[in-house]
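The next block holds one structure in the form of structure tokens; read it before the comments.
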Amino acid sequence: MDQIISKEQKPLDVLVLAAGLGTRMRSDLAKVLHQIDGRPLVNHVCRTATALAPRKIYVVIGHQGEDVKQAVLEEIDEEHSEFVWQKKQLGTGDAVNAAREFLENEDSTLLVLSGDVPMIRAETLAALVQQHYNHRGRGATCTILSVKLDDPTGYGRIVRDDGGLFDRIVEQKDASEEIKKTKEINSGIYCFNTKKLFAALSNVQNNNSQGEYYLTDVPALLRNMGEDISLYQHSDAREVSGINNRVELADLERIFSRRTISRMMLDYGVTFIDPKHAYISEQASIGRDTVIYPNVSIEGESIIGDGCTIRAGVRISNSRVGHGVTILDNCVITDSEISNSCTVGPFAHLRGRAKMEEKSKVGNFVELKKTILGRESKANHLTYLGDATVGEKTNIGAGTITCNYDGKNKNATEIGNNVKIGSDTMLIAPLKVGDGAVTAAGSVVTRDVPADSLVAGVPAQIKKNLRAEAEKEENKSSEANREQ
Ligand code: UD1
Ligand code: CA
């Protein structure tokens, strides 16, 4: 992105306004912490700003400032960020003023963004900055990103003079009926010559209907000082939609999700049976020819392979799914991994780094927590496997439970290859079950089971050695053969 903005220019800093409560959300949570696509609004803005490779991102915080700071630090590193406290929320002009000590003497360009305008794209911001530098061949002092809206209600209006040049911004609450008819609005996104911004900001008054210090007064003040103000009119209004209430939040969530789903269909070749009722995170990726049924949510950084079938009502969060996997209806899969050609569900729950190896199978009402289910192994019905490792080609019978919690500690269960765990077996961890062992139905296994042995009972006792038995059988039949 940085090559779009020519290098000879002043350094670029970004200031994100994120101190307001957002009264219209009617929420105990600061507005910028409300989420779209599972990430706080302010994080979307900061991530987009990062794409411009600015020198630093300043974030003005106030309401739940510590929480906002922690959220933002998930997105950008400490080295490239500075948090500025605005103690009282006296308006957007006052919010910018909070950063005065850091910025007023900087010979830089300042891109001001709103923490509640999350859909803005980096390409648009780059074009805005570029116009700011190129305006009339010498650059502008302030460049405002505007759009035209059929319904401009609520936004500040851009008033132009008779020559079509910028005159001033008038807030909705201060606008006359005449000005309210203006369709061109202020997106709340601007580029400034940093020094001149702070010089003009000192003259902003709060004698308006809201008694606030408006940042929107600065461009007119600069203009009256003879500075050049440029308007960058953008065509995609949705990008600059601000979120002020929950209806707008839901609208943008839907737009966001649709955008992701369209991209998955067009660029990745994913089939959606009902695209309107699927919820796919922008951060997720889904492979070719995978089919997604209605009401599926794929959240976070999930990766789904090619040729999978994901049936209705499945939620997959921060998980990895290989190729050719079938996930039947109503499964919940979080922080887990499913390898190629596995089958899951219906009604299965995988969590806490559960891992299914290739061609393994988990059936209905089975829960896997922090468990590895080996290649071609099966747990088909009504089972809980927690803190367990299961080898290859092992069958876990219906109703099996690893009793992993003794009231204090979580204990591990290790089950080998080719094991048959009989229905309704209780495996009291810590416990090892050797390769080729069998537990009879209803066993309560309290001690390690050696390889190739059959245990049964409550508590389970070793009944026989299966290998010795098998060898005996074999000898018998070969003797019989010889006698014939
Ligand atoms: C603002 C603009 C308006 C524009 C609209 C675009 C002003 C006065 N008005 O109005 O012209 O059309 O954005 O979305 O700037 N904030 C602070 N501290 C404060 C007040 C606000 O940090 O004291 C932050 C908020 O958290 C928010 C942003 O600034 O992220 C914008 O504030 P908001 O109150 O939503 O302004 P709008 O009424 O939407
Ligand atoms: Ca707003």
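Because the structure is predicted, anything quoted here is derived from the model rather than measured. When a ligand or atom number is given, it counts from 1 through the structure's own listing order.
Here is the list of ligand 1 atoms found below 4.0 Å of a heavy atom in Lys31: 35 (O). Under a 4.0 Å criterion applied to the non-hydrogen atoms of Gly156, ligand 1 contributes the atoms 3 (C), 4 (C), 11 (O), 12 (O). Residue Ser187 approaches ligand 1 through these ligand atoms, each under 4.0 Å from one of its heavy atoms: 6 (C), 14 (O).
Asn409 contributes no side-chain N or O that, together with a main-chain N or O of Asn411, makes up a donor-acceptor pair within less than 3.5 Å. Without hydrogens or angle criteria, Ser262 side chain to Arg258 main chain gives a donor-acceptor distance under 3.5 Å. In this structure, the side chain of Thr182 does not engage the main chain of Arg157 through any donor-acceptor pair within 3.5 Å. Judged purely by atom type and a 3.5 angstrom limit, His234 has no side-chain atom pairing as donor or acceptor with the backbone of Val147.
The protein heavy atom nearest to atom 24 (C) of ligand 1 is Leu17 CB, 3.7 Å. Nearest non-hydrogen protein atom to atom 36 (O) of ligand 1 is Thr92 CG2, 4.6 Å. For atom 18 (N) of ligand 1, the nearest protein heavy atom (residue, atom name, distance) is Gln86 OE1, 2.7 Å. When only non-hydrogen protein atoms are considered, atom 22 (O) of ligand 1 lies nearest to Ala19 N, 2.9 Å. Nearest non-hydrogen protein atom to atom 39 (O) of ligand 1 is Asn244 OD1, 3.8 Å. Scanning the protein heavy atoms around atom 34 (O) of ligand 1, the nearest turns out to be Arg24 NH2, 4.2 Å. Looking only at protein heavy atoms, the nearest one to atom 13 (O) of ligand 1 is Gly188 CA, 4.5 Å. Closest to atom 31 (C) of ligand 1, if we only count protein heavy atoms, is Ser114 OG, 3.7 Å.
Within 6.0 Å of atom CG in Asp267, more than 12 heavy atoms from other residues, nucleotides or ligands are found, so the atom counts as buried in its surroundings. Annotation: Arg351, atom CZ; neighbour count of heavy atoms from other residues, nucleotides and ligands within 6.0 Å is above 12. The number of heavy-atom neighbours closer than 6.0 Å to NZ of Lys359, taken from other residues, nucleotides and ligands shown, is 12 or below. Other residues, nucleotides and ligands place more than 12 heavy atoms under 6.0 Å from the CZ atom of Arg160. The neighbour count for Lys173 NZ, taken as heavy atoms of other residues, nucleotides or ligands under 6.0 Å away, does not exceed 12. Within 6.0 Å of CZ in Arg288 there are 12 or fewer heavy atoms belonging to other residues, nucleotides or ligands. Counting heavy-atom neighbours within 6.0 Å of Lys370 NZ, excluding the residue itself, gives a total of 12 or less.
The distance criterion of under 3.5 Å between nitrogen or oxygen atoms is met by Gly91 with respect to ligand 1. Ligand 1 has no N or O atom lying under 3.5 Å from any N or O atom of Gly242, backbone or side chain. For ligand 1, the polar-atom distance check finds no N/O of Val32 at less than 3.5 Å from any of the ligand's N/O atoms. For the pair Asp116 and ligand 1, the shortest N or O to N or O distance falls below 3.5 Å. Taking distance alone, with nitrogen or oxygen atoms compared against 3.5 Å, Ile185 stays at or beyond that limit from ligand 1. The shortest N/O to N/O separation between Asn186 and ligand 1 falls below 3.5 Å. Between Val60 and ligand 1, a contact under 3.5 Å exists for no N or O pair.
For atom 26 (O) of ligand 1, a protein non-hydrogen atom is found at a distance below 4.0 Å. Distance screen at 4.0 Å: atom 1 (C) of ligand 1 has no protein heavy-atom neighbour inside the cut-off.
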**Request:** Determine, step by step, whether His132 and Tyr190 satisfy the ring pair (Phe, Tyr, Trp, His ring centres under 6.0 Å) criterion, reporting the C-alpha distance in whole Å, the side-chain angles of both residues, the deciding distance to 0.1 Å, and the verdict.
**Result:** CA-CA 9 Å; His132 181 72; Tyr190 330 75; over 10 Å; no
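Residue contact check for ligand 1: Lys88 places no non-hydrogen atom closer than 4.0 Å to it.
Annotation: His349 is not in aromatic contact with Phe365 [ring centroid separation under 6.0 Å not met].
Of all non-hydrogen atoms in Glu253 and Asp37, the two that sit nearest each other are OE2-N, 3.0 Å.
Comparing Arg157, His63, Glu171 by heavy-atom distance to atom 9 (N) of ligand 1, the nearest is Glu171.
For the Ca ion (ligand 2), the set of protein N/O/S atoms nearer than 3.0 Å consists of Asp116 OD2, Asn244 OD1, ordered by chain and number.
Seen from the ring of Phe198, Arg100 does not count as a face-on cation partner, given the 6.0 Å and 45° thresholds.
Put simply, the residue from Ile338, Thr343, Val390, Asn340 that forms a side-chain contact (heavy atoms from CB on, under 4.5 Å) with Met356 is Ile338. Partner of Thr216 under the side-chain contact (heavy atoms from CB on, under 4.5 Å) criterion, out of Ile144, Val170, Ile169, Ile158: Ile169 alone.
Heavy atoms of Leu90 found under 4.0 angstrom from ligand 1 belong exclusively to the backbone.
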